[in-house]
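All remarks here apply to the structure that follows.
Keep in mind that the numbers below use all heavy atoms, side chains included, and drop hydrogens, waters and symmetry copies. Remember, predicted model here, so these are calculated numbers, not experimental data. Residues: numbered from 1 along the sequence shown.
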Amino acid sequence: MDHTLACFLLLLYLTFCASASPRSTSRKFHSYSTKEEVNSPPGWHPVGQAPPEHVLQMRIYLVQPDFSVLEQALYQVSDPRHQKYGRHLSKRQVDALVAPAPESVETLDDWLSSHGFNTSSLPRSSAGDWISISIPVFKAEEMLRTTYYIWENEVNNATLIRTTSYSLPSNLHPHVDVIQPTTSFASTTRQGSTLRVEVIPASSPPIDRPPLYTQSGLEVRPSCNTSINILCLKQIYNAVGYQASEKSGNKIGITGYLNELPGPEDLKEAFVAQNLSTTNATYNFVSLNESAIFSAAEGVVASILAALAAGSNQAAQTGIEANLDVQYAFGLANPAPATFWATAGSPPFIPDTEFPSNSNEPYADWLAFILEQEDIPEVISTSYGDNEQTVPLSYATRVCNSFAQLGARGVSVIFSSGDGGVGDGISDPTEQKCFTNDGTNTTRFMPGFPATCPFVTAVGGTVQIPEVAAALSGGGFSDYFARPSYQDSVVSAYLAALPPGTYEGLFNSTGRAIPDVAAQAVNYEVVYQGSTIGVSGTSAASPAFAGIISLVNDARLSKGMSSLGFLNPLIYASPSAFNDIISGHNPGCGTPGFNASVGWDPVTGLGTPDLQKLQSAFA
Ligand SMILES: *[C@@H]1O[C@H](CO)[C@@H](O)[C@H](O)[C@H]1NC(C)=O
Ligand SMILES: *[C@@H]1O[C@H](CO)[C@@H](O)[C@H](O)[C@H]1NC(C)=O
Ligand SMILES: *[C@@H]1O[C@H](CO)[C@@H](O)[C@H](O)[C@H]1NC(C)=O
Ligand SMILES: *[C@@H]1O[C@H](CO)[C@@H](O)[C@H](O)[C@H]1NC(C)=O
Ligand SMILES: *[C@@H]1O[C@H](CO)[C@@H](O)[C@H](O)[C@H]1NC(C)=O
Ligand SMILES: *[C@@H]1O[C@H](CO)[C@@H](O)[C@H](O)[C@H]1NC(C)=O
Ligand SMILES: *[C@@H]1O[C@H](CO)[C@@H](O)[C@H](O)[C@H]1NC(C)=O
Ligand SMILES: *[C@@H]1O[C@H](CO)[C@@H](O)[C@H](O)[C@H]1NC(C)=O
Ligand SMILES: *[C@@H]1O[C@H](CO)[C@@H](O)[C@H](O)[C@H]1NC(C)=O
């Protein structure tokens with residue numbers, strides 16, 4: 001490829017063409033060695049070499065030498081027994097704790113300069129812990145001594161431009177943590193890609209059956225046994241009659257990916273159907289693309305750039321997942337001001353030589369944006385995930401550590417635990433592929449990431465009144481993250497009670513265990529393009545749980561207390577605020593999965609929330 005021609009073609013995207021004469025430097029960048037190597041991911045195969053001029057939006061993440069200090073601070077402000085409980089850190093404090101060493105910045109800048117990049121014009125995070133470059137494939141291949149291929153997914157035909165290994169000059173290794181897109185084959189599937197959808201008859205028969213009772217004795221409408229709406233959730237989770245304040249300052253947010261947007265008219269209709277006032281059936285819609293993210297990184301007020309008025313015509317892209325998430329999270333938290341972030345990316349995408357979008361990693365994009373914000377909603381729910389093994393350990397760790405930053409700032413980060421039981425997220429267990437990607441191709445349970453990140457709260461699923469575990473409920477043990485101390489005693493107790501040799505070799509008993517908690521996950525009434533449909537999945541459980549936590553925050557903020565922030569140390573210290581789910585199991589990978597049982601279990605965690613108990617304990 002002719003370099004000059006490439007520069008001409010890509011003038012818009014390239015910064016390195018502008019300063020072609022490398023800055024003189026005493027550092028030498030040769031003697032490359034491999035930085036990371038992964039096995040070919042199952043389900044993906046290379047279909048050809050990547051177009052040399054295709055532009056990658058690449059982020060280079062520098063090592064965060066003080067991360068352990070941040071982690072310690074996170075646990076102090078999140079542990080109700082600690083005197084610093086609730087004294088969350090500011091953005092500035094968190095930025096300082098994730099900042100790279102000056103020498104790391106200098107070494108990376110020298111290397112980039114030696115390749116012609118104008119380092120003073122590259123977007124960086126305010127903490128300085130990542131730098132973003134627009135780089136054509138041929139240049140990335142030269143700098144990383146690698147070859148990029150177009151990979152195609154066998155199931156959904158999505159394509160990615162990735163490599164299975166890359167190298168760096170040896171003197172950069174101690175400074176650079178992660179570079180992506182390189183080796184990550186995460187494809188960000190919505191848990192709801194397996195959502196079961198059925199049309200609910202418009203007029204249900206009159207309700208003359210006797211009421212049902214939850215295990216803690218709360219009265220629930222009989223229809224809630226088979227079909228869930230907001231009133232059902234309020235009844236089951238003891239939230240009837242709690243009126244959230246309009247003045248508490250409490251906020252809630254939902255993240256969306258895959259170009260799936262909520263329908264504003266559907267939200268209004270859902271509020272009407274749920275007897276909620278429609279005056280607050282609105283939300284801030286924030287569309288994130290590269291330019292909005294980079295502007296945020298440069299300190300421009302992102303809301304000016306990125307927030308579009310709610311109610312714009314989004315009908316064409318209205319998605320079931322997005323509708324489900326906003327109707328339940330925003331409905332339960334109502335009237336808390338609500339935000340929906342739509343992060344760019346709409347697979348299957350066809351690699352294009354001109355447009356740089358879609359080449360990056362969606363969680364990283366959203367995190368890059370949100371961490372630049374001063375004011376972040378206190379509760380954020382996400383119903384998307386990937387098989388943990390499709391995300392390289394280095395990158396999963398970096399993304400997970402970013403969730404710790406949110407927790408330290410007082411944000412509860414909530415993820416659905418997955419819809420495949422112990423299997424790979426595909427809800428039909430016969431379709432599941434439970435094979436390791438480590439070269440041995442052995443059968444293994446497939447936990448989902450980011451649910452396995454110890455700094456997020458993972459929500460599994462239940463069904464019926466009284467509640468039992470939903471078979472789809474994603475649960476199990478991380479192969480990446482060690483078991484955090486907050487869950488050590490309950491998880492050890494569960495493991496000790498398993499028959500000896502249970503599922504030996506199928507899971508790592510010392511890994512972070514999921515889920516942490518659960519909520520109803522089957523047959524939610526969702527308004528979608530004007531009709532009511534029934535939707536199932538932990539996709540539903542996560543926004544429902546988030547909505548209940550938002551009400552606890554509302555009570556706390558109304559009393560001048562802090563938000564709850566990172567929930568796990570608190571909830572594992574307070575199991576009695578949850579309804580323990582003791583029956584059902586989560587089959588997958590050709591096994592019956594784990595059993596729900598007394599105490600914590602890898603199907604429903606500690607159980608489902610009880611708002612009054614949570615509020616009397618914490619607000
Ligand atoms: C590098 O970028 C800075 C900031 O955008 C700009 O002022 C400077 O002129 C650029 N230098 C070159 C050599 O292009
Ligand atoms: C993927 O491509 C194949 C061959 O073109 C086609 O038969 C199949 O329907 C596609 N699958 C999806 C999910 O689009
Ligand atoms: C609730 O639903 C389950 C599963 O369909 C059913 O077995 C049970 O009888 C129902 N309970 C009542 C009281 O209708
Ligand atoms: C809404 O209110 C009406 C009238 O009180 C009642 O019949 C209906 O069941 C309520 N709907 C829900 C979802 O609570
Ligand atoms: C909710 O609606 C009421 C009445 O229109 C309005 O005063 C209030 O500001 C709204 N609250 C939010 C959070 O939008
Ligand atoms: C990116 O987002 C900004 C702010 O929302 C918008 O003005 C711009 O048109 C978007 N660009 C693309 C390519 O979608
Ligand atoms: C792994 O093993 C399974 C079952 O034996 C087989 O179907 C699959 O093709 C194998 N995958 C690889 C990558 O070898
Ligand atoms: C199990 O998990 C721990 C902690 O994450 C890890 O150190 C260890 O290598 C894992 N063992 C296996 C066999 O995967
Ligand atoms: C689940 O419970 C069944 C019935 O009691 C028992 O046979 C099975 O061994 C249990 N499985 C696990 C993984 O504990």
Side-chain angles (χ1 to χ4, degrees), residues 74 77-82 85-88 214 216 218 230-254 276 280 325 328-339 376-382 406-415 455-460 462 486 515-520 541-580 605-619:
L74 169 70
V77 300
S78 310
D79 182 344
R81 292 158 299 201
H82 198 278
Y85 180 73
R87 286 159 61 187
H88 299 125
T214 65
S216 61
L218 298 169
I230 284 183
L231 180 67
C232 292
L233 294 174
K234 286 186 174 170
Q235 289 182 325
I236 303 166
Y237 300 134
N238 207 2
V240 174
Y242 179 75
Q243 182 52 55
S245 158
E246 260 164 27
K247 302 198 179 77
S248 66
N250 182 40
K251 302 174 295 303
I252 188 165
I254 292 285
L276 298 170
N280 295 110
D325 296 354
Y328 281 88
F330 300 171
L332 281 165
N334 180 57
T339 300
I376 305 176
E378 288 77 11
V379 174
I380 298 173
S381 171
T382 303
L406 286 171
R409 291 177 59 186
V411 178
S412 302
V413 182
I414 296 171
F415 276 86
F455 305 126
V456 310
T457 300
V459 186
T462 63
Y486 58 73
D516 299 299
V517 292
Q520 287 277 331
S542 183
F545 183 78
I548 297 292
I549 291 301
S550 183
L551 296 178
V552 183
N553 275 333
D554 178 76
R556 282 178 63 90
L557 296 182
S558 296
K559 293 180 181 169
M561 300 163 86
S562 71
S563 60
L564 291 169
F566 174 41
L567 296 171
N568 297 3
L570 175 94
I571 61 187
Y572 281 90
S574 331
S576 61
F578 294 83
N579 308 304
D580 190 7
L606 296 169
T608 62
D610 182 306
L611 180 68
Q612 282 193 17
K613 288 181 184 163
L614 285 166
Q615 284 181 341
S616 54
F618 306 121

Any chance you could lay out the side-chain contact (heavy atoms from CB on, under 4.5 Å) test for Y237 and Q520, step after step, and finish with the verdict? CA-CA 10 Å; Y237 300 134; Q520 287 277 331; 3.3 Å; yes
Evaluation steps, side-chain contact (heavy atoms from CB on, under 4.5 Å), between T457 and N568: CA-CA 6 Å; T457 300; N568 297 3; 2.6 Å; yes
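Side-chain contact check for Y572 and D516: at least one donor-acceptor pair (N or O, by modelled atom type) lies under 3.5 Å.
The shortest side-chain heavy-atom distance between I254 and F330 falls under the 4.5 Å cut-off. Residues R409 and H88 are not in side-chain contact: their nearest non-hydrogen atoms beyond the backbone lie 4.5 Å or more apart. Counting heavy atoms from C-beta outward, L614 and F578 have side chains that approach closer than 4.5 Å. Taking the side chain as every heavy atom from C-beta outward, N579 and T214 never approach each other to under 4.5 Å. Counting heavy atoms from C-beta outward, P515 and V459 have side chains that stay 4.5 Å or more apart.
Counting all heavy atoms, side chain and backbone alike, S78 lies closest to L74 at OG-O, 2.6 Å. The two residues S576 and K613 have their closest heavy-atom pair at O-CD, 3.4 Å. Residues V77 and R87 share a closest heavy-atom pair of CG1-O, 3.0 Å.
Annotation: side chain to side chain donor-acceptor pair (under 3.5 Å) contacts involving residues 547-557, sequence neighbours excluded, comprise Y242-D554, S248-D554, N250-S550, R556-S562.
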